[in-house]
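Here the structure is a predicted model, which means the values were calculated and not measured. Naming: A, B, ... by sequence-line order, numbering from 1 per chain.
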Number of protein chains: 2
Amino acid sequence: MSADKIFEALASAPRRRILAYLSKTDMTAGEIVQRFAGMMTQPAISKHLSVLENAGLVWREKRGQNVHYGLNEGTLAGSLVHFLAEVCPRSRPLRRESAEAAGRKNAGKAKDKR
Amino acid sequence: MSADKIFEALASAPRRRILAYLSKTDMTAGEIVQRFAGMMTQPAISKHLSVLENAGLVWREKRGQNVHYGLNEGTLAGSLVHFLAEVCPRSRPLRRESAEAAGRKNAGKAKDKR
DNA sequence: TGCTTATATAACTATATAATTATATAATAA
DNA sequence: TTATTATATAATTATATAGTTATATAAGCA
């Protein structure tokens with residue numbers, strides 16, 4: 001989680017897009033791959049996710065067959081990244097998709113509880 | 001001054017060190033070259049400075065034979081960079097040298113006015 | 001167990017970055 | 001004008017990055 005790693009991680013537009021897509025909810029690797037299908041292959045995304053994790057910008061948790069990734073808030077770098085994702089006009093579309101996905105996830109949970 | 005250029009500019013440790021060295025005062029290209037002599041050649045530093053300027057992180061002004069560079073505050077990116085330079089423990093030594101240089105420059109000006 | 005799905009890693013290729021030395025430009029001084 | 005100083009650019013080389021396809025691992029299901 002050195003400054004070197006953080007800045008290197010942020011120096012990639014695809015990685016910044018992934019961060020924007022995670023801004024409102026965590027996602028599985030597969031969901032991220034689906035979102036960026038046609039732009040990038042699964043291995044490319046897997047690599048980006050490991051760079052982001054290695055920089056301490058996202059957390060990673062294996063749940064059964066899936067691996068969930070989410071923004072690491074609670075660190076200075078994480079907070080700043082989150083702030084930038086919130087503020088940046090160019091990330092707005094992905095931000096909205098992220099919010100929509102978050103809504104679906106919550107709806108799903110509510111349904112489960114019925 | 002796109003996000004791409006800003007993040008690319010910040011992705012280099014030498015460039016971040018140059019920003020830290022500019023944190024308290026502007027400097028001529030020559031002063032920066034002197035500071036990093038033995039680590040980097042003059043052309044390398046010239047290139048870094050043009051990357052930083054192109055990203056909108058520093059301003060550049062030719063005064064006679066010299067070219068002065070300084071942090072571009074007054075932009076979101078510039079403000080954040082300045083904040084990071086202020087906060088980052090690793091940039092503290094360069095920050096102090098920058099403050100010392102600032103002191104010398106002000107002393108010089110005071111002397112000029114006598 | 002064997003099959004399928006989800007994710008990661010390996011090997012490879014193309015391109016980009018960063019550094020160097022050598023040289024050009026532009027301003028000042030003699 | 002010629003020489004000197006300050007800075008930038010060009011050509012080159014070494015290394016790093018980002019992407020690809022192919023393959024491995026690991027979990028869940030029949």
Side-chain angles (χ1 to χ4, degrees), chain A residues 2-22 25-70 101 105 108, chain B residues 2-22 25-70 101 105 108:
Chain A
S2 68
D4 283 350
K5 285 186 179 173
I6 292 169
F7 283 110
E8 187 209 311
L10 292 174
S12 149
R15 281 195 288 267
R16 292 197 302 276
R17 302 194 73 208
I18 290 172
L19 289 174
Y21 193 51
L22 289 173
T25 184
D26 57 288
M27 302 263 186
T28 67
E31 289 171 319
I32 300 169
V33 167
Q34 277 206 347
R35 173 57 184 81
F36 296 101
M39 306 169 172
M40 265 159 42
T41 58
Q42 176 270 323
I45 288 175
S46 177
K47 189 73 195 310
H48 285 311
L49 288 169
S50 88
V51 170
L52 289 170
E53 190 207 355
N54 212 255
L57 295 177
V58 304
W59 51 261
R60 191 194 114 105
E61 195 182 311
K62 185 148 197 176
R63 293 184 203 155
Q65 209 169 354
N66 297 314
V67 177
H68 291 248
Y69 287 90
K105 277 163 201 266
Chain B
S2 68
D4 283 350
K5 284 184 180 175
I6 293 169
F7 283 110
E8 188 208 310
L10 292 174
S12 148
R15 283 196 285 269
R16 292 196 303 275
R17 301 195 73 208
I18 290 173
L19 289 173
Y21 193 51
L22 290 173
T25 184
D26 57 287
M27 303 262 186
T28 68
E31 289 172 319
I32 299 169
V33 167
Q34 278 207 345
R35 173 57 184 81
F36 296 101
M39 304 167 173
M40 265 158 45
T41 58
Q42 177 269 323
I45 288 174
S46 177
K47 189 73 194 311
H48 285 310
L49 288 170
S50 87
V51 170
L52 290 170
E53 191 207 354
N54 212 255
L57 295 177
V58 305
W59 51 261
R60 191 194 114 105
E61 194 182 313
K62 185 151 196 175
R63 293 182 202 156
Q65 209 169 355
N66 297 315
V67 178
H68 291 247
Y69 287 90
K105 278 162 201 267

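- Look at CZ on Arg17(B): it is 16 Å from C1' on dA18(C), rounded to the nearest Å.
- With dT9(C), dT20(C), dA8(D) as the candidates, the nucleotide lying closest to the side chain of Ala44(B) is dT20(C).
- The nearest heavy atom of DNA chain D to Met39(A) and to Glu8(A) marks one nucleotide each, and the one closer to the 5' end goes with Glu8(A).
- The side chain of Asn66(B) places no N or O atom within less than 4.0 Å of a non-bridging phosphate oxygen (OP1 or OP2) of dA27(C).
- Among the atoms of the strands shown, none is found under 4.0 Å from any heavy atom of Arg63(A).
- For Arg15(B) and dA18(C), the shortest distance from a side-chain N or O to OP1 or OP2 is below 4.0 Å.
- If you take CG of Leu49(A) and P of dT9(C), they are 11 Å apart, rounded to a whole angstrom.
- The listed nucleotides are dA10(D), dT21(D), dT7(C); the one nearest the side chain of Pro43(B) is dA10(D).
- Listed for the Arg15(A) side chain is a donor-acceptor partner under 3.5 Å among the backbone atoms of Glu8(A).
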Would Leu49(B) and Arg60(B) satisfy side chain to side chain contact (heavy atoms under 4.5 Å, CB included), going step by step from the backbone distance to the final call?
CA-CA 9 Å; Leu49(B) 288 170; Arg60(B) 191 194 114 105; over 6 Å; no
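- Contact check, His48(A) against dG19(D): a side-chain N or O comes under 4.0 Å of OP1 or OP2.
- Between Arg16(B) atom CZ and dA18(C) atom P the separation is 11 Å, expressed in whole Å.
- Straight-line distance from the CZ atom of Arg35(B) to the C1' atom of dA6(D): 20 Å, rounded to whole Å.
- A donor N or O paired with an acceptor N or O is not found under 3.5 Å between the base of dA6(D) and the side-chain atoms of Gln42(B).
- Within 4.0 Å (heavy atoms only), Ser50(B) reaches no atom of the nucleic acid at all.
- For the pair Leu10(B) CG and dA18(C) C1', the interatomic distance rounds to 17 Å; values are reported in whole Å.
- The nucleotide whose nearest atom lies closest to any side-chain atom of Gln65(A) is, among dA8(C), dA8(D), dA6(C), dA6(C).
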Side chain to side chain contact (heavy atoms under 4.5 Å, CB included) between Arg16(A) and Asp4(B): does it pass, once the steps are laid out?
CA-CA 10 Å; Arg16(A) 292 197 302 276; Asp4(B) 283 350; 2.5 Å; yes
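- The interatomic distance linking Asp4(B) (CG) with dA16(C) (C1') rounds to 14 Å, in whole Å.
- At least one side-chain nitrogen or oxygen of Thr41(A) sits closer than 4.0 Å to the OP1 or OP2 atom of dT20(D).
- Two residues, Pro14(B) and Gly64(B), neighbour DNA chain C, and the one matched to the more 5' nucleotide by heavy-atom proximity is Pro14(B).
- When the P atom of dT20(C) is taken as reference, atom NZ of Lys47(B) falls 13 Å away, rounded to whole Å.
- Distances shown here put every side-chain N or O of Tyr69(B) at or beyond 4.0 Å from the OP1 or OP2 atom of dA6(D).
- Between His68(B) atom NE2 and dA8(D) atom P there is a gap of 12 Å when expressed in whole angstrom units.
- Considering only the side chain of Lys62(B), dA27(C) comes nearest among dT20(C), dA27(C), dT9(C).
- Proximity of a side-chain donor or acceptor of Ser50(B) to a complementary backbone N or O of Lys47(B) within less than 3.5 Å is detected.
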Full working for side chain to side chain contact (heavy atoms under 4.5 Å, CB included) between Arg17(A) and Met40(A)
CA-CA 12 Å; Arg17(A) 302 194 73 208; Met40(A) 265 159 42; over 6 Å; no
Is there a side chain to side chain contact (heavy atoms under 4.5 Å, CB included) between Leu10(A) and Leu10(B) once you walk through the steps?
CA-CA 9 Å; Leu10(A) 292 174; Leu10(B) 292 174; over 6 Å; no
